[in-house]
Amino acid sequence: MGNDGWIETARLVHRTARHDRYQAVNIQNEATIELRMFRGTLRPETLFATFALVAGMCAVVRELTPGQLDRLTWYALCDVILERCPEGAGELAAYLADRGLANAAPSPGTATAMGA
């Protein structure tokens, strides 16, 4: 699917999701995207892991095309996010690995294999 298809899909999602701000991803406002998928926590390491995940996701969506993102598996996406996290993403790596949500260590060359 070319960029035109992604743009049309994004516009459709924006039109249909615009009426309800209480979704996991709130795109009601034109200039912001609000992530509402995280539960509250009193554990500092979970909070830091959450910050690292969001920072890594922001870096990934800036760098990869929609087509590249679409071809990533969950584990490859986690690897790419961890590679692009700012320093101190150890909490995120540990959080994902402890729960079986990611590989214990990023696979070598994951990002280059995706053309990033």
Side-chain angles (χ1 to χ4, degrees):
M1 180 182 303
N3 281 342
D4 291 339
W6 276 98
I7 291 169
E8 188 54 38
T9 300
R11 286 184 181 139
L12 174 65
V13 168
H14 188 264
R15 281 193 304 270
T16 58
R18 193 170 170 84
H19 68 282
D20 186 2
R21 70 180 325 114
Y22 301 104
Q23 300 294 322
V25 179
N26 172 15
I27 57 172
Q28 183 175 2
N29 299 314
E30 292 286 329
T32 61
I33 296 174
E34 179 182 9
L35 303 175
R36 292 178 165 259
M37 61 186 118
F38 303 107
R39 297 185 317 177
T41 183
L42 296 175
R43 298 182 61 198
E45 57 275 2
T46 302
L47 183 61
F48 291 130
T50 301
F51 291 153
L53 176 65
V54 172
M57 287 186 334
C58 289
V60 168
V61 298
R62 280 190 209 111
E63 295 175 23
L64 299 183
T65 66
Q68 289 171 316
L69 288 169
D70 199 34
R71 290 190 300 269
L72 290 173
T73 64
W74 170 256
Y75 292 104
L77 176 63
C78 288
D79 289 345
V80 173
I81 287 172
L82 287 168
E83 289 171 4
R84 284 164 175 75
C85 274
E87 277 194 49
E91 289 91 354
L92 176 58
Y95 183 93
L96 294 171
D98 288 348
R99 289 156 180 81
L101 296 172
N103 298 317
S107 304
T110 300
T112 53
M114 289 308 306

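Each residue takes its place number in the sequence, starting with 1.
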Walk me through it: do L53 and F38 pass the test side chain to side chain contact (heavy atoms under 4.5 Å, CB included)?
-> CA-CA 11 Å; L53 176 65; F38 303 107; 3.8 Å; yes

Only one of M57, R62, E63 passes side-chain contact (heavy atoms from CB on, under 4.5 Å) with R84; say which it is.
-> E63

For Y95 and A49, work out which heavy atoms get closest and say how close.
-> CB-CB, 4.0 Å

Can you list the residues that meet the salt bridge (Lys or Arg N to Asp or Glu O under 4.0 Å) rule with R99, with sequence neighbours excluded?
-> none

Taking all non-hydrogen atoms of both residues into account, name the closest pair between A76 and T73 and its distance.
-> N-OG1, 3.1 Å

Nearest heavy-atom pair of A52 and C85: which atoms, and what distance?
-> O-SG, 3.2 Å

Quick one: are I81 and L96 in side-chain contact, heavy atoms under 4.5 Å?
-> no

Minimal non-hydrogen separation, E45 against E91, with atom names | O-CB, 3.5 Å

Do T50 and T41 touch side chain to side chain, with heavy atoms closer than 4.5 Å?
-> no

